[in-house]
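Remember, it's 1-based here, ligands and their atoms both numbered in the order they're listed.
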Amino acid sequence: MSGFCIPRRRFIAGSLASAAIASPFGIVRGAPVTFSADPYTLGVASGCPREDSVMLWTRLAPRPLEEGGMPPSPVEVEWQVAEDEGFVRVAAKGVVRATSELAHSVHAEAKGLRPGRVYWYRFRAGTAVSPVGRTRTAPAAGNSRFRFAFASCQQYEQGYYAAYRDMATRDLDLVVHLGDYIYERSWGQNHVRQHGVGIPTTLAEYRNRYALYKSDADLQAAHAAFPWLSTWDDHEVTDDYANDRSYTVRDPERFLKIRAAAYQAYYEHMPLPLSARPVGPDATIYAHYRFGDMLDMLLIDDRQYRSAPACVQGGRPTTVPDCAERTEEARTMLGRTQEQWMDRQLADSRGRWTIVAQQTLMAEARHRDAEGGDRYWMDGWDGYPNARRRLLDSIVTHKVRNPVVIGGDRHAYFAANLKRDFSRPHEATVATEFVGTSITSDGPGPGSTRSALANNPELLYANGEKRGYAVMDLDGRSCTVGFEALDNVKDAHSAVRRLATFVVEDGTPGAKVA
Ligand SMILES: [Fe+2]
């Protein structure tokens, strides 16, 4: 550190009298803001990296589990982005008004940055200066390598975030989060820590749930180390919900009120673009990011617009016998608007690699019952086979170069080859798929993954016994995926080891063991 000679965390108890404050950021006019405790309890984050911009995030929350503990008045928060960790060469700066309406969260878009380089950023509210975060803009064309991690499913009670502790030490360009950032409910056994309260349904309760999860130092370290992209799955709202349907909240009108609260709390706690701010129960979070000419990343939302689960009689959309409804052509996973958008983005994809970042396993995972009948898990793509086929058709039609699908949700590692028709295993592989396991959430037992492998020739690998994440390393010749697994999720300092490595060669879809 050099230049301003200030501690990374500083806050003042009591009040200040002056109307203008000298600060490392310059002079700010107006009433001074004071905090009785550190307002940066939830850390800092960045996201949505473009060639010339990045989103910066923090939230003022001196008492994080009491809806932040801020007075209702708005607070002006300054931000700075610098080319050096000491903030001598400031590249961009600005002021954002943090309001109680958005839980005093800050979403600042830093523009005018240079492509493919590391920047450091920090915030100041009153005299309280935030920890320093590090971020990286998207590279310009001509980049020769891109490395990112993908993660999902981080039930707070079931384990520690040692996976993030490990991830934060890596040399990565990006982290992609594929959903279940929070869990609305307690489940599983051998909890190492507690939610402490029940299932949230109000905005205040969802805010407190995010605050609990984001108080974790290892999660904060991974946010502060890299820019993130994120999409949600079901547990950010309620288990297995589909559009306006929830098996836990049967009245759609009441459910949409809960969804509105949940979406708003998600927005308030993630480094999302301003365009993702919810309007009532609606929020547009699907997006297309380019990383030079190496990678196009299509981040999709398969929860908000999907058709109601098929073949389910009133209860939870679990693994049930097949029925005619499942294969109706009109069934949609993305909704008509997003599906059309997706088709246009695939047509427009220019990267050597195109990643479809979505929530769950896209490959078919047929279950055989004792009588030889087929059963499908109706909450995943198997409940929407024609929507899956349309997406894969779109990849074929537009001759998308090196398509790779990444997913989460299943709490297991998978590698798979994707076919337009999974009943015809000799058909050409259209795309390759990798699913990361969960950061902490309990996974399926070995019997379940063994039978999935036995019944589905396109599944090449399945392992639900380990928690962790995945890293993807892209260059001009290949895409290498490493499954990074924790020794023990119940140990906050657990070691991480490479469980398996797969390679996709440029021009040849399909996963090969490295
Ligand atoms: Fe999950």
Exercise. By residue and atom, what protein N/O/S atoms are less than 2.8 Å from the Fe ion (ligand 1)?
Worked result: Cys153 SG, Asp180 OD2, Tyr183 OH, His411 NE2

Contacts under 3.5 angstrom, residues 492-501 side chains, donor-acceptor by atom type, not counting sequence neighbours:
from: His493; atom 1: ND1; to: Arg165; atom 2: NH1; distance (Å): 3.2
from: Ser494; atom 1: OG; to: Asp487; atom 2: N; distance (Å): 3.1
from: Ser494; atom 1: OG; to: Asn488; atom 2: N; distance (Å): 3.0
from: Ser494; atom 1: OG; to: Asn488; atom 2: O; distance (Å): 3.4
from: Arg497; atom 1: NE; to: Asp487; atom 2: OD1; distance (Å): 2.8
from: Arg497; atom 1: NE; to: Asp487; atom 2: OD2; distance (Å): 3.2
from: Arg497; atom 1: NH2; to: Asp487; atom 2: OD2; distance (Å): 2.7
from: Arg498; atom 1: NE; to: Glu484; atom 2: OE2; distance (Å): 2.8
from: Arg498; atom 1: NH1; to: Thr501; atom 2: OG1; distance (Å): 2.9
from: Arg498; atom 1: NH2; to: Glu484; atom 2: OE2; distance (Å): 2.8

Exercise. Listed by chain and number, what are the ring-ring contact (aromatic ring centres under 6.0 Å, His included) partners of Tyr241, not counting sequence neighbours?
Worked result: Phe255

Exercise. Are side-chain N/O atoms of Trp353 and Asp296 paired as donor and acceptor at under 3.5 Å?
Worked result: no

Exercise. Where do Phe502 and Phe483 land on the ring pair (Phe, Tyr, Trp, His ring centres under 6.0 Å) test, with the steps shown first?
Worked result: CA-CA 9 Å; Phe502 293 91; Phe483 290 158; 5.7 Å; yes

Exercise. So does Glu364 pair up with Lys419, basic N to acidic O under 4.0 Å?
Worked result: no

For this session: Kindly state each residue pair satisfying disulfide (SG to SG under 2.5 Å) with at least one member in residues 310-340, sequence neighbours excluded.
Result: Cys311-Cys323

